[in-house]
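Reading through the structure tokens given below for one structure.
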Number of protein chains: 4
Amino acid sequence: MRSGDVTFIQAARRAQIIGGAIEVVAELGWAKTSIRKIADHVGLAMSAVLYHFGSKDKLVEAIVEAMYAAAFDVVIPAIERETTASGKLAAYIRSNIAYFDTHRTHLAALTQISSEDLRLSDETAERVAALDPVAILAAGQADGEFGDFPPGSMAIALRGAVNAVVEKILRQPEFDARSYGEDLVRIFDKAVAAT
Amino acid sequence: MRSGDVTFIQAARRAQIIGGAIEVVAELGWAKTSIRKIADHVGLAMSAVLYHFGSKDKLVEAIVEAMYAAAFDVVIPAIERETTASGKLAAYIRSNIAYFDTHRTHLAALTQISSEDLRLSDETAERVAALDPVAILAAGQADGEFGDFPPGSMAIALRGAVNAVVEKILRQPEFDARSYGEDLVRIFDKAVAAT
Amino acid sequence: MRSGDVTFIQAARRAQIIGGAIEVVAELGWAKTSIRKIADHVGLAMSAVLYHFGSKDKLVEAIVEAMYAAAFDVVIPAIERETTASGKLAAYIRSNIAYFDTHRTHLAALTQISSEDLRLSDETAERVAALDPVAILAAGQADGEFGDFPPGSMAIALRGAVNAVVEKILRQPEFDARSYGEDLVRIFDKAVAAT
Amino acid sequence: MRSGDVTFIQAARRAQIIGGAIEVVAELGWAKTSIRKIADHVGLAMSAVLYHFGSKDKLVEAIVEAMYAAAFDVVIPAIERETTASGKLAAYIRSNIAYFDTHRTHLAALTQISSEDLRLSDETAERVAALDPVAILAAGQADGEFGDFPPGSMAIALRGAVNAVVEKILRQPEFDARSYGEDLVRIFDKAVAAT
DNA sequence: GATGAATGAGTGTTCATTCAT
DNA sequence: CATGAATGAACACTCATTCAT
């Protein structure tokens, strides 16, 4: 019971620190973010942050995991809700862009953090792989819903087109991400269509 | 003559340092690149690097300009060589990917540097804007070569799909970028086609 | 109690560093004084000094404040102890010179530091202003103790004459500052005397 | 003849550099003055400045000598023009202050440079010593013009009172140095007067 | 007579990390 | 659970000086 409480408090503190860290990164960019600034932002001593995460690398990992988790919460149910391949494809596009649109504080971190020698937990890596749209595309081809195209390349192009919205939003905050998403749905509908 | 010589060796040193810097960034990533490491890599004292560029910011600018220049050398002539919109579209895709494929040391820098508060020279910024594929797409629609689609969104998607190859190559060096490029040409040919 | 202890050891370290800094300045002069040398002198890491003061500017401020505080401790009570204008005048001269004579390590710093773009705390600036001998001189004229002379100019001359002892001591350490002080008392007694 | 020309050119360059250096110091303060900035200011390469002076210390010496020479030009003739001790005393005060008033670019350097481990040339040191007002005061006492006072202390006080104008002008550029000089003449006239 | 290139020592500052409490 | 003190390594940058030309 006691240890359960402790874990709960710890988890709350960790969540609080991660949230603060994402805000700091959003404001300052990754390069100018330091543990001290994160600690100041959440009102803790710098050493308290390290106490909870052990090292900066661990903190970064936790931040990334948290961002992925937030994305999974939006993307996975949206895709699973659909039954047809083209439904799943549209859901993939719309939910990804919805996540970017509603989690703008994550954006600065997302573009900059990926480059680091970042290691995802096995579980997260697995779920990331599961979200690769190549599976949707291949399924759509298998059941004749989609036409003929190289599914690997189409998946890379699709992910690139979806992720491109991040930079766009960052540079141009008033950019209408949702309607770009709708455009993307139509563009890729046509691109994968059976002839 | 004399002043020409001086400028020449100046330019040579600058080019040497820029080249070394790109290699260091390719190996370590931007975050872990420092002037000292660049200097060590090219066999100069750190202060010599600063002597030639004045400050780190100026050096970064020079590096970015050099990378853009290398890209322009490949991309611009390739597009100008074509006369039809679909020819230019294919050339845009192929030449961009060719640049990425042949300048792999530039890749790590390219993904990471964009986020910084990087300021391009007016000339480079102008040429970057001129390379936006939206112009090609709009022209193709105007002369009836292409069908109906939102050219702004299509351009963002296209750029995203093209740039996606960078991450792919970085994570998977044996990835066949050229054939991905050919796939892209076909995918976007279909996506922009008149119905 | 606990927080009192913390503040106490903080203050002690700060005082130790300030003291060491004054010694270093006394030995090397301001121009050749660096944080690193101060840290070495007190046996701390340079970063520990910065940990306690934040920046070199803040450290300099603290040093100056400390030197002024030491001067105030001597000068202010000495003047307040006197009731007549000529008594206060003599006390001003003697106590200033006594401070210079007994705080020789402060001297090198005092001559050099004034020029920097040094900003005193409001409180210190106020007390510095309060110590301007012009008030004493004007009061002495008002109650008829002193004769007629421009009090502003006399005050500048007086301060110059008093401060001149600093350079004298620095160049000629065996110089008898006290008897110079007594001479000054007589000289200015005559200079301000009613005719 | 040829070597005479060379020497002449050299002397001109040296004078030009010294003049520029004094201006730079006046603008930036001694701490922020560097050989490079002086060189830029006069439009030469940094190495050219060192070529002419050999080292920074030598340059500083030359600057100081130049400033002293400018002071001598004003002060020495003014004193020699007078025949009585009180005339010479007044001339000492007025000419020193006139020099400070008309050579304001020298002022910043004068306050800051003196502290360094500066060595005057034998000739300059000699002339500086010759200008010590103690000689004037002692002579005035010897011939009965002045009253009884310790001439050494009076000289120190006098120099201090005169030099005090430098700081005053620096902090308060509109300060009326000339009328302060007249006040000083009267103050010290009274202070040295025979009773 | 003058220069540009290059250097090594030094500067203040930031940072993630350790540790005793 | 959390902290403040302290550290060492790294950072960008400045500087006076040297040297071949």
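Here is the naming used below: chain letters follow the sequence lines, and residue numbers restart at 1 for every chain. Note that this is a predicted model, so its numbers are computed, not measured. What's counted below: heavy atoms across the whole structure, side chains too, no hydrogens, waters or symmetry copies.
Taking atom CD1 of C/Ile17 as the reference point, atom C1' of F/dA5 lies 11 Å away to the nearest angstrom. Rounded to an integer number of Å, the gap from CE of B/Met46 to C1' of E/dA6 is 13 Å. In this structure, the NZ atom of B/Lys32 is 11 Å from the P atom of F/dC11, given to the nearest Å. In this structure, the CZ atom of B/Phe53 is 15 Å from the C1' atom of E/dA6, given to the nearest Å.
With values rounded to the nearest 0.5 angstrom, A/Thr33 atom OG1 is found 5.0 Å from A/Leu28 atom CG.
Across all strands shown, B/Ala48 has heavy atoms under 4.0 Å from base atoms, whether or not it also approaches the sugar-phosphate.
Counting heavy atoms from C-beta on, the side chains of D/Val60 and D/Trp30 come closer than 4.5 Å. Side-chain contact between D/Leu59 and D/Ile38 is present, with at least one heavy-atom pair separated by less than 4.5 Å.
Under the Watson-Crick or G-U wobble criterion, with both distances below 3.5 Å, E/dA16 is paired with F/dT7.
Contact between the side-chain N/O atoms of B/Gln10 and the OP1/OP2 oxygens of E/dG4 is not found at any separation under 4.0 Å. For A/His52, a side-chain nitrogen or oxygen approaches OP1 or OP2 of F/dA2 to under 4.0 Å.
Residue C/Arg13 is the one, among C/Arg13 and B/Asp57, whose nearest nucleotide of DNA chain F lies closer to the 5' end (criterion: closest heavy atom). DNA chain E is contacted by both B/Gly43 and C/Lys37; B/Gly43 maps to the nucleotide lying nearer its 5′ end (nearest heavy atom per residue). Comparing A/Arg36 and D/Tyr51 by the nucleotide of DNA chain E whose heavy atom lies nearest to each, the residue mapping closer to the 5' end is D/Tyr51. Mapping D/Leu50 and A/Leu44 onto DNA chain F via the closest heavy atom, the residue that lands nearer the 5' end is A/Leu44.
No hydrogens or angles were tested; on distance alone, a donor-acceptor pair under 3.5 Å links the side chain of A/Ser47 to the base of F/dG4.
For A/Ser34, the listed nucleotide lying nearest its side chain is E/dC15; candidates were E/dC15, F/dC15, E/dG12.
For the 3.5 Å distance criterion, the side chains of D/Arg13 and D/Gln10 fail to qualify, holding no donor opposite an acceptor.
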